Amino acid sequence: MRPELIVAGAPLAAALLAAALAAATGFDQNTALPPALQARFYGFFLDQYPLFAFAIVYALARILAVALGPGSTSVPRRFLGAILGAALVLGVSLHPTFGGIVLRAGFATGGIGFLNQLPYWLAYALGTAAAAFLFGVVLGLSVIITNRGTRPREGWGRAIRASLVGASLRFLALWLGFAVLGLAREAGIGLWPRRPLSIPQFGILAGLLVAGLLPHSVITALRAHTYSRNALINPVRSR
């Protein structure tokens, strides 16, 4: 299997594995955690948007996969970039509590739209777009600082156009993903995390993760293949 396919597919696999572990261990809000972590993790946004927890796993696995994947970046930069990228993702996702500024931005945007008499579907779309944009910016920046070069081979204009196209496609995929993951309650996953997941509910949850995150994984794989073929980064010259 091509390395770029492994890098693109590993985050979705990690999210599904995390969901399987949550189901297998019976994890719910009655599970004891260290007091500081419990106060930060349990609460309104976990109860209302539980599948965002697996989006965080997806993002962290994406950063790790990029750090370990092919590229011309030095090992120290990969190591430091991965640490900084993970800190950024966790910061915007868990501060001050679960959901961070990502879900709060989406909730505020959608809520204000709904209060201003927008149809529910439109307010929901605006809210998920705001959350996906912020999450995508942080994830994209984390990937860039971890393992992406900075010297275009065929001109800055072409490199910028390619980057904008890739960023737009990834944003649309994340927007779709957040919209799907936000419908967990309506899709029938039950009361999790207030109650443990049953086997049927785990099946629904896994299906939502695949439907929501697979488009981003596919676009990532396709863009990575184009990147590796066209080599926007100058290869190291042989001496």
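Atom set for the values below is all heavy atoms of this structure, side chains included, hydrogens, waters and symmetry mates excluded. Small disclaimer: the values here were computed from a predicted structure and weren't measured.
The main-chain N or O of Ala179 is found under 3.5 Å from a side-chain atom of Tyr124 such that the two form a donor-acceptor pair. A donor-acceptor distance shorter than 3.5 angstrom exists from the side chain of Arg40 to the backbone of Pro96, with no hydrogens or angles considered. Here the side chain of Asp47 pairs no donor or acceptor atom with the backbone of Gly43 at under 3.5 angstrom. Under a 3.5 Å cut-off, the side chain of Gln201 and the backbone N or O of Ser198 do form a donor-acceptor pair. When atom types are taken as modelled, the side chain of Arg78 and the backbone of Gly69 share a donor-acceptor pair closer than 3.5 angstrom. Side-chain N or O atoms of Arg77 include none that pairs as donor or acceptor with a backbone N or O of Thr73 at under 3.5 Å.
The shortest non-hydrogen separation linking Thr220 to Ala8 is CG2-CB, 4.0 Å. Residues Leu46 and Gln29 share a closest heavy-atom pair of CD2-NE2, 4.0 Å. For Ala184 against Pro50, the heavy-atom pair with the smallest separation is CB-CG, 4.5 Å. Residues Ala14 and Ala61 share a closest heavy-atom pair of CB-CB, 3.6 Å. Heavy atoms only, all atoms of each residue included: Thr109 and Leu126 are closest at CG2-O, 3.8 Å. When all heavy atoms of Leu169 and Ile219 are compared, the pair lying nearest together is O-CD1, 3.4 Å.
Within 6.0 Å of CG on Leu37 lie more than 12 heavy atoms contributed by other residues, nucleotides or ligands. Counting non-hydrogen atoms of neighbouring residues, nucleotides and ligands closer than 6.0 angstrom, the CZ atom of Phe27 exceeds 12 such neighbours. Atom CZ of Phe44 is surrounded by more than 12 heavy atoms from other residues, nucleotides or ligands within 6.0 Å. For CD of Gln117, the number of neighbouring non-hydrogen atoms (other residues, nucleotides, ligands) closer than 6.0 Å is 12 at most.
Under the 4.5 Å side-chain criterion, counting only non-hydrogen atoms from C-beta, Val66 is in contact with Arg62. Taking the side chain as every heavy atom from C-beta outward, Leu90 and Leu60 approach each other to under 4.5 Å. Residues Leu64 and Leu68 have side chains in contact (heavy-atom distance under 4.5 Å, counting atoms from C-beta outward). Thr31 places a side-chain heavy atom less than 4.5 Å from the side chain of Tyr42. Annotation: side chain of Val138 is not in contact with side chain of Val102 (no heavy-atom distance under 4.5 Å). At least one side-chain heavy atom of Leu134 sits under 4.5 Å from a side-chain heavy atom of Ile101. Two residues are said to be in side-chain contact when any heavy atoms from C-beta on lie closer than 4.5 Å; Pro70 and Val7 meet this criterion.
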>> The test is salt bridge (charged side-chain N to carboxylate O under 4.0 Å, His left out); show your working for Asp28 and Arg194 and say whether it passes.
In response: CA-CA 6 Å; Asp28 63 10; Arg194 282 179 277 173; over 6 Å; no
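Taken together through direct or relayed side-chain contacts under 4.5 Å among Ile, Leu, Val, Met, Phe, Trp and Tyr, Trp175 and Tyr49 form parts of separate hydrophobic clusters. Side-chain heavy atoms closer than 4.5 Å link hydrophobic residues (I, L, V, M, F, W, Y) into clusters, and following such links, even through other members, never connects Phe114 to Leu118. Under the 4.5 Å side-chain heavy-atom criterion for ILVMFWY residues, no single connected hydrophobic cluster contains both Leu174 and Phe133.
Results of the side chain to side chain contact (heavy atoms under 4.5 Å, CB included) test with Leu16 over Leu213, Val210, Leu21 single out Val210 as the only residue that passes.
The ring of Phe135 has its center no closer than 6.0 angstrom to the ring center of Phe171.
Taking the six-membered ring for Trp and thresholds of 30 and 60 degrees, Trp192 and Phe54 have nearly parallel ring planes, at less than 30 degrees apart. Relative orientation of the Phe52 and Phe98 rings is perpendicular, given thresholds of 30° and 60° on the angle between their planes.
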